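Not measured: the values here are computed from a predicted model. Ligands are counted one by one from 1 in listed order, and the atoms in each one are counted from 1 as well.
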Amino acid sequence: MLEVKDLTVRYGAITALAGVDLTVAEGEFVVLLGRNGAGKSSLLKAIVGQVPCQGRIFFEGRELSSLPPWRRVKMGLCLVPEGRHVFGSLTVKENLELGGFVSPKELARRLEEVYTLFPVLKERQDLPAGTLSGGEQQMLAIARALMARPRLLLLDEPSMGLAPKVVQEIYATLAALKGKLTVLLVEQNAKKALQLADRGYLLENGRLVATWQGEEIQETFIQQVYLGK
Ligand SMILES: Nc1ncnc2c1ncn2[C@@H]1O[C@H](COP(=O)(O)OP(=O)(O)OP(=O)(O)O)[C@@H](O)[C@H]1O
Ligand SMILES: [Mg+2]
């Protein structure tokens with residue numbers, strides 16, 4: 001479904017990603033791990049067209065390089081960005097409506113779908129998003145992405161800065177989404193992410209240094225992530 005080939009991202013003199021190859025097949029739940037500054041967000045941003053890159057990215061066989069971000073959203077690619085970035089002065093509902101901008105006719109139905117998944121958002125639909133807790137804002141950011149009915153959902157560190165109980169809730173939601181849509185999840189929280197993942201990649205200094213798949217022992221992979229063994 002997604003094929004990234006020899007991807008390089010540079011910010012001036014800084015090389016954030018160097019020659020990365022990565023694939024995600026339809027229905028898979030793939031996790032991308034790496035320490036601070038490894039290049040994880042740069043990879044997701046390149047896929048959705050938010051940063052310039054070299055190399056090739058194919059989504060469902062179509063090369064993306066010439067397509068602006070909104071066209072990629074229309075094709076079914078949607079990013080839940082690091083740090084959530086909800087619009088604090090807009091209401092919860094208005095944030096969700098923005099997420100559904102690509103299909104205005106479907107808005108009401110999709111709102112009901114995401115409210116079913118996140119009842120707390122329905123309760124708070126008329127409040128400014130800035131008044132929500134960090135966990136609720138993360139739920140709103142995920143729900144906003146789901147409003148676009150993505151085929152591939154890209155998630156950038158959804159557990160960052162949240163209390164363990166809230167992380168638990170976010171992961172319960174991700175578990176519910178698993179199998180229903182294809183997911184590429186970026187995390188530093190390796191244990192939680194690997195419990196859900198079909199496959200894993202490890203990025204270090206802009207390069208892929210390890211992969212983990214299916215039945216392989218997770219412990220080995222986790223050791224690589226934390227201890228560099
Ligand atoms: N807009 C930018 N301008 C200059 N350098 C940048 C920019 N964005 C990222 N970088 C640099 O590129 C490298 C990769 O950053 P990136 O944000 O992709 O890493 P990350 O793995 O997502 O890190 P984190 O876990 O902290 O979110 C880092 O060295 C970072 O400082
Ligand atoms: Mg990041």
Handout entry: Ion pair Lys45/Asp156, N-O distance below 4.0 Å
Key = no
Practice task
Taking the Mg ion (ligand 2) as the reference point, name the nearest N/O/S atom of Glu82.
Solution key: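 In Glu82, the N, O or S atom with the shortest distance to the Mg ion (ligand 2) is OE1.
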Exercise for the section: Mark yes when over 12 heavy atoms from residues, nucleotides or ligands other than Asn205 sit less than 6.0 Å from its CG; otherwise mark no. Expected result: no
Handout entry: Lys93 atom NZ, neighbour heavy-atom count above 12 within 6.0 Å
Key =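 Atom NZ in Lys93 is not packed in, count stays at 12 or less.
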Exercise for the section: Check whether any side-chain heavy atom of Leu184 lies under 4.5 Å from a side-chain heavy atom of Ile47, and answer yes or no. Expected result: yes
Practice task
Check whether any side-chain heavy atom of Tyr11 sits under 4.5 Å from a side-chain heavy atom of Val51, and report yes or no.
Solution key: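 With C-beta onward as the side chain, the pair touches.
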Practice task
Look at the N, O or S atoms of Ser41, main chain and side chain alike, and state whether any lies under 2.8 Å from the Mg ion (ligand 2).
Solution key: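 Here the distance criterion (N, O or S atom, under 2.8 Å) is met by Ser41, so yes.
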Exercise for the section: Check whether the side chains of Gln195 and Tyr171 place a donor and an acceptor atom closer than 3.5 Å, and report yes or no. Expected result: no
Completion exercise
Heavy-atom closest pair (Gly135 atom, Ile170 atom, distance to 0.1 Å) is O-CD1, 4.0 Å
Practice task
Please list, by chain and number, the protein residues whose heavy atoms come under 4.0 Å of ligand 1.
Solution key: Tyr11, Ile14, Ala16, Arg35, Asn36, Gly37, Ala38, Gly39, Lys40, Ser41, Ser42, Glu82, Glu157, Gln188
